[in-house]
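See below for the structure under consideration.
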Amino acid sequence: MTDAEIKITADLVRDLLQEQHPDLAGLAIREVAGGWDNQQWRLGDELAVRMPRTAQAPDLQRKECRWLPVLAPRLPLPVPTPVRTGEPSTRFPKPWTIMTWVPGEPLDHTSISRGDHAADTLAGFLKALHVEAPEEAPISEDRGDHPKKCTDGFDHFFDAVVPDDLADDVRAVWDDAVAAPEWQGLPVWVHGDLHPANVVVSDGTLCGVIDFGAVFAGDPAWDLAAAWVVLPAGAAARFFDVYGRADEATIRRARGLAALKSLFLMAMGQSGDRGLPGGKPTWGPAGRAALDRVLRSGLR
């Protein structure tokens, strides 16, 4: 975490703005709950200040600042885009970023009531995102592999949170994904971290996608898992029909990765319920609901 002696407060954020971006220092500052690598502060009505609080956060911010201006113009949903950067200083020894604010409520705090519309919206967004990535695009160190290379992580979360009465069914979904053929296409742009806390909702449907810190070039199945992790029950089939590019093997990998992501959300929720560092209480119910959708889906 951020050095213990550095407490990120509204006063610190305002002082940094006054020093480096004084034209923005007069805007209202409000802390935003949530976040993992970054602590976020809303700045006025249209901006957000993202302050890194983990060791990896500065590199993730640099990646977003490099690639979001390339990706954002062709995406059909609002996404955060960099407006200014903050330099390390004696007050705060890490770089920080000012981004555009994406209006809406994170899905882990609300729900989708317009399932067909959300399925169409997510499919359109991912069709626009999933284009061939350039050679210099980032490659993820901890995401993007075939499910067969993620068995240790799956087993860890499986042992931690899967109810006994679901264990066989969850294991069967994962084993099917592990047995599926690998991605044969060229690497495409992948968000890499689509789950309820990283999509925002308004008027019962998706209205934006946030947190591109994990963005990489690779297998689109890592994003297509959102058919179960993000969309409500019954929407996955429509999503894949509209997306139109996923063969059977890709859908099998995506469903297994959806199971993995669901277990991760459940584990983070469990930690939150116990008051452990990094825990997210709202992620547990979202993860369990996603796991139920994975198990009830007939898609292969």
Using side-chain heavy atoms (C-beta onward) and a distance below 4.5 Å, is Leu17 in contact with Ile29? yes

Considering residues, nucleotides and ligands other than Asp165, do more than 12 of their heavy atoms fall under 6.0 Å from its CG? yes

Determine, for Arg171 against Asp168, whether the closest basic-nitrogen to carboxylate-oxygen distance falls under 4.0 angstrom. no

Whether Asp15 and Arg91 form a salt bridge (side-chain N of Lys/Arg under 4.0 Å from carboxylate O of Asp/Glu) is what I want to check. yes

Pairing residues for Lys127 by the salt bridge (charged side-chain N to carboxylate O under 4.0 Å, His left out) criterion, not counting sequence neighbours: none

Do Ile210 and Phe212 share a hydrophobic cluster, counting only Ile, Leu, Val, Met, Phe, Trp and Tyr and linking them when any side-chain heavy atoms are less than 4.5 Å apart? no

With a 4.0 Å cut-off, would you call Asp59 and Lys63 a salt bridge? no

Would you check if Trp228 and Lys261 make a side-chain contact, meaning some heavy-atom pair closer than 4.5 Å? no

Using a 3.5 Å distance criterion without hydrogens, assess whether the side chain of Arg42 forms a donor-acceptor pair with backbone atoms of Asp45. yes

Could you tell me whether the side chains of Arg253 and Thr250 share a donor-acceptor contact shorter than 3.5 Å? yes

Measure from the side-chain N and O atoms of Arg293 to the backbone N and O of Leu231, and report whether any donor-acceptor pair falls under 3.5 Å. yes

Evaluate the side-chain proximity of Val215 to Glu64: yes if any heavy-atom separation is below 4.5 Å, no if none is. no

Any Lys/Arg nitrogen of Arg238 or Asp120 sitting under 4.0 Å from an Asp/Glu carboxylate oxygen of the other? yes

Is Asp108 salt-bridged to Lys280, cutoff N-O under 4.0 Å? no

Any side-chain heavy-atom pair from Leu265 and Pro196 closer than 4.5 angstrom? yes

If we count only N and O atoms by modelled type, under 3.5 Å, do the side chains of Gln39 and Glu31 hold a donor and an acceptor together? yes

Taking all atoms of both residues into account, what is the closest heavy-atom pair of Val178 and His146, and its distance? O-CE1, 3.2 Å

Would you say the rings of His191 and Phe125 are close, in the sense that their centroids are separated by under 6.0 Å? no

Is it the case that more than 12 heavy atoms not belonging to Glu46 sit under 6.0 Å from its CD atom? no

Could you please spell out the steps behind the side-chain contact (heavy atoms from CB on, under 4.5 Å) verdict for His156 and Val161? CA-CA 9 Å; His156 170 76; Val161 299; over 6 Å; no

Output yes when a side-chain donor or acceptor of Trp222 lies under 3.5 Å from a complementary backbone atom of Asp145, and no otherwise. yes

Any Pro82 side-chain heavy atom under 4.5 Å of Pro69 side chain: yes

Decide whether Thr97 and Thr85 meet the rule of one side-chain donor and one side-chain acceptor closer than 3.5 Å. no

Decide whether Val242 and Leu122 are clustered together by the hydrophobic rule: side chain heavy atoms of Ile, Leu, Val, Met, Phe, Trp, Tyr closer than 4.5 Å, transitively. no

So do Trp174 and Phe158 actually touch side chain to side chain, heavy atoms under 4.5 Å? no

Beyond-backbone contact of Trp41 with Ile8, side-chain heavy atoms, under 4.5 angstrom: yes

